[in-house]
Trainee: 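Pasting in a structure now, in structure tokens, and then I'll have a few things to ask.
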Amino acid sequence: MDGALGDLFSLKGAAAVVTGATGVLGGAMARGLAGAGAKVGILGRRAGRAEEVVSGIEKSGGEALALPADVLDRGELEAARETVIGRWGRLDLLVNAAGGNVPEATVSGDAEIFDLPEDALRRVFELNMLGTVLPSQVFGEVMAREGEGCIVNVSSMAAQKPLSGVIGYSAAKAAVENFTRWMAAELSRKYGAGLRVNAVAPGFFLGEQNRAMLVNEDGSLTERGRKIIEHTPAGRFGEPEELVGTLIWLCSPAARFVTGVVVPVDGGFSAFGGI
Ligand SMILES: NC(=O)c1ccc[n+]([C@@H]2O[C@H](COP(=O)([O-])OP(=O)(O)OC[C@H]3O[C@@H](n4cnc5c(N)ncnc54)[C@H](O)[C@@H]3O)[C@@H](O)[C@H]2O)c1
């Protein structure tokens with residue numbers, strides 16, 4: 001790669017915050033940003049786990065900072081913002097990776113939609129929707145004042161085509177995609193074209209929350225896991241590191257005219273009709 005192309009995708013000197021960076025996909029994305037030259041705030045509820053991710057990045061020669069916070073607690077997010085600004089004096093990138101399903105907000109086995117508990121629906125909406133909006137407000141405000149910055153949200157295959165069972169999660173991720181477009185227009189129009197908001201929509205990756213649904217203890221696929229692989233033209237689950245290239249592109253100068261899009265990273269799942 002020549003120098004000019006290298007700069008096009010470089011994140012050198014940028015300061016980033018990744019929520020849910022204590023998880024499988026958020027952790028891989030945080031390590032990927034650090035590898036591209038960004039300093040990365042590791043935001044998660046588990047302080048010990050955040051410190052582990054930080055030390056992994058530091059061992060690889062990167063710079064990172066643990067930010068213990070719940071994405072649903074504005075006060076904790078504001079404290080994390082102060083820590084980042086105090087340490088790095090700027091904030092350029094936000095990746096909203098905290099999220100996931102709430103098992104009680106699903107209709108599985110003999111359960112019926114009519115009995116779905118309201119509280120579970122609220123929780124899955126709060127985690128995925130509010131958990132994306134609140135950090136975008138708290139960290140996005142810094143970017144708006146600087147006139148530059150990039151937010152990347154994390155959607156799911158469930159947002160576009162309903163996946164059986166996961167009603168609340170699917171609806172909440174659809175809302176995240178809608179918010180991605182809304183916020184892209186809002187920030188660019190009011191605060192300048194240097195502000196961009198996009199999303200990645202991962203296909204199926206083995207995470208902490210979905211592993212038991214997809215793989216049996218002996219390593220074989222569950223019925224649901226088998227169906228997913230059958231519907232994924234690439235014929236396998238994704239590796240978390242396979243999100244990194246798309247993320248770096250979206251965050252880098254290479255994507256400076258790209259805002260309001262949702263990029264599937266799914267081995268072809270969303271393109272395939274199943275026949
Ligand atoms: N794994 C997949 O196949 C897949 C597919 C599509 C989308 N996603 C999405 O990718 C994102 C990451 O998923 P993952 O598979 O890495 O799951 P994960 O459970 O490994 O990671 C999620 C992380 O978010 C953290 N988190 C949860 N609630 C939080 C809160 N209130 N405040 C702060 N942190 C909180 C968790 O502690 C965890 O570290 C989620 O938004 C998920 O919906 C995952």
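Each ligand, and each atom within it, is numbered from 1 in the order the structure gives. Starting from 1, each residue takes its place in the sequence as its number.
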Trainee: Regarding R145 and E141, does a basic nitrogen lie under 4.0 Å from an acidic carboxylate oxygen?
Mentor: yes
Trainee: Would you say the side-chain atoms of T180 and N153 include a donor-acceptor pair closer than 3.5 Å?
Mentor: yes
Trainee: Who's touching ligand 1 if we go heavy atoms under 4.0 Å?
Mentor: G20, T22, G23, V24, L25, R45, R46, A69, D70, V71, A97, A98, G99, G100, L127, V154, S155, S156, Y169, K173, P202, G203, F204, F205, G207, E208, Q209, N210
Trainee: Could K227 and E230 be called an ion pair, given the rule that one side-chain N must be under 4.0 Å from one carboxylate O?
Mentor: no
Trainee: Would you mind checking if E126 and R122 are paired as a salt bridge, meaning a charged N to carboxylate O distance below 4.0 Å?
Mentor: no
Trainee: Any chance CZ of R256 has more than 12 other-residue heavy atoms, nucleotides or ligands included, within less than 6.0 Å?
Mentor: no
Trainee: Only one of V18, L43, V40 clears side-chain contact (heavy atoms from CB on, under 4.5 Å) with L67; which?
Mentor: L43
